[in-house]
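Inspection log for the structure reproduced underneath, given as structure tokens.
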Amino acid sequence: MCLHGYQDNCASFDRLIPMLDGDRTYLCLDWPNHGGSSGTPLGARWTMENYALTIRRVADHVQWSAPFGCLGHSMGGQVAKLFAAVYPECVAWLVLLDTAGPVAAYPEEITWSIRRAGHELLRLESKMSTSTSGGGRPPPVYGYPGALERVRRRHYGQLDDEPARKLMARYLRPGPTGEFHLANDVRLGVPYSQWFSPAQHRNVVTNVRCPTLVIRASDSDSYYIDVYGVFVEMYEENPNFRTVVVDGNHDVHMNNPRAVATLINKFLNNKLSKL
């Protein structure tokens, strides 16, 4: 099961999957509120727990009774790791593409975190209600060049044109006169973390019992050292984890899929050996 990152969609794997070994079935999905998937009702804050249960719902729907692998990028990898810890009997292996987190929260930050998320949820829901009732500012509209540039601009470095065009097919919806509208729910701006403390994250990582490959992008080293440093230590303590570094930015699996596919194929062909 291929699990895309925050604000992306299943097209983020379009260039990678053809380069992976062909003796497997790769199931890609848009997370709820992303791309072509349905949205959640007003009042619901979507969290890591909700995302993890989505994996179980999808697996049950397609009747995957045997353990399966999870390939997750960024937020998708965070969710896959949580799912593998909660449902270890369901997961045969993990591949985490440039992912660690989510960022650990400390006890003294909890009330502030809840207030921040609640405030943002209420603000965005009010904005959505105003837009549908005809008041307020209408949602943004893009022409093709602006739409493509919107997809190419990334917080962790730009996407190349080809993967940006693939993402764009589900990231925006074409209108009747050639314009493009955002497909993702605006409430994705609300923090999705469960606000786990470092000790709780350690419990999650400790309970991942399947072979796990972490592919780190070289341009993300500062994030692993500063923001996610606690996870580097946890991963090193779990003998099931193997970490490798590949040249590129956070979206290296889209910009340079061959480099990533080589590592994944090697891992999958040897996953039954002791890591």
Side-chain angles (χ1 to χ4, degrees), residues 1-38 46 48 50-87 90-101 151 154 159 162-171 183-184 188 192 208 210-217 244 246 248 250-269 271:
M1 193 177 299
C2 302
L3 309 166
H4 67 78
Y6 171 69
Q7 295 273 21
D8 287 344
N9 55 65
C10 63
S12 63
F13 298 105
D14 278 6
R15 301 186 71 207
L16 175 63
I17 289 177
M19 299 180 184
L20 299 179
D21 287 348
D23 60 344
R24 298 177 177 87
T25 297
Y26 298 95
L27 189 159
C28 301
L29 59 110
D30 290 345
W31 289 120
N33 298 321
H34 290 73
S37 284
S38 57
W46 209 247
M48 294 289 292
N50 300 129
Y51 283 117
L53 288 176
T54 298
I55 298 177
R56 185 61 187 260
R57 288 190 174 102
V58 171
D60 289 346
H61 178 73
V62 297
Q63 299 181 5
W64 280 3
S65 57
F68 54 90
C70 285
L71 169 64
H73 170 238
S74 196
M75 184 193 79
Q78 297 172 10
V79 178
K81 179 178 61 185
L82 177 61
F83 179 79
V86 175
Y87 295 101
C90 294
V91 184
W93 50 264
L94 288 177
V95 173
L96 309 179
L97 301 176
D98 209 44
T99 187
V151 178
R154 312 281 282 185
L159 271 180
E162 183 180 349
R165 283 192 291 268
K166 290 185 177 296
L167 272 186
M168 181 178 164
R170 303 179 74 85
Y171 189 88
N184 288 354
L188 292 177
Y192 56 83
V208 175
C210 62
T212 300
L213 175 66
V214 181
I215 299 178
R216 284 174 48 178
V244 296
V246 62
H250 185 58
D251 297 311
V252 64
H253 69 297
M254 289 188 263
N255 287 329
N256 187 7
R258 188 168 301 280
V260 175
T262 299
L263 295 171
I264 295 175
N265 287 331
K266 182 178 180 181
F267 168 72
L268 293 183
N269 289 331
K271 70 180 184 301

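None of the values given here were measured: they were computed from a predicted structure.
- Between the side chain of Asn256 and the main chain of Val252, no donor-acceptor pair closer than 3.5 Å is present.
- Between Phe267 and Thr212 the shortest side-chain heavy-atom distance does not fall below 4.5 Å.
- Atom-to-atom distance recorded for Leu213:CG and Leu263:CG is 6.5 Å, nearest 0.5 angstrom.
- Once rounded to the nearest 0.5 Å, the distance linking CG of Leu159 with NE2 of His250 reads 10.0 Å.
- The shortest side-chain heavy-atom distance between Leu167 and Met254 falls under the 4.5 Å cut-off.
- Contact record, Gly36 with Asp30: N-OD2, 2.7 Å, taken as the closest heavy-atom pair.
- The side-chain heavy atoms of Tyr192 and Val79, taken from C-beta on, include no pair separated by under 4.5 Å.
- Formation of a donor-acceptor pair under 3.5 Å by the Asn9 side chain with backbone atoms of Ala11 is found in this model.
- Checked by atom type and distance alone, the side chain of Asn184 pairs as donor or acceptor with a backbone atom of Gly35 at under 3.5 Å.
- For the atom pair Phe83 CZ and Leu53 CG, the distance stands at 8.5 Å (nearest 0.5 Å).
- Put simply, CG on Asn255 and CZ on Arg154 are 9.0 Å apart, with the number rounded to the nearest 0.5 Å.
- In this structure, Arg15 CZ and Lys166 NZ are separated by 7.5 Å, a value rounded to the nearest 0.5 Å.
- Minimum heavy-atom separation, Tyr26 to Leu20: OH-CB, 3.3 Å.
- Here the closest heavy-atom approach between residue Leu97 and residue His73 is recorded as O-CD2, 3.3 Å.
- Between Arg24 and Leu268 there is a side-chain heavy-atom pair separated by less than 4.5 Å.
- When side chains are defined from C-beta on, His253 counts as touching Asp251, because their heavy atoms get closer than 4.5 Å.
- Counting heavy atoms from C-beta outward, Asp8 and Trp31 have side chains that stay 4.5 Å or more apart.
- Here the closest non-hydrogen pair linking Met1 and Phe68 is CE-CE1, 4.1 Å.
- The shortest heavy-atom contact between Ala80 and Cys70 is CB-CB, 3.9 Å.
- For the side-chain contact (heavy atoms from CB on, under 4.5 Å) with Cys2, the qualifying choice from Leu29, Leu27, Val95, Leu71 is Leu71, the only one to do so.
- To the nearest 0.5 Å, atom CH2 of residue Trp46 and atom CG of residue Asn33 are 7.0 Å apart.
- Remark: Arg165 pairs with no residue by the side-chain hydrogen bond (donor to acceptor under 3.5 Å, both in side chains) rule, at least two apart or across chains.
- Side-chain atoms of Arg170 and His34, non-hydrogen and from C-beta on, never get closer than 4.5 Å to each other.
- Counting heavy atoms from C-beta outward, Ile264 and Leu16 have side chains that approach closer than 4.5 Å.
- Put simply, the side chain of Thr262 gets close to the backbone of Arg258: a donor and an acceptor are under 3.5 Å apart.
- Nearest heavy atoms, Pro32 versus Ser37: CA-CB, 4.1 Å.
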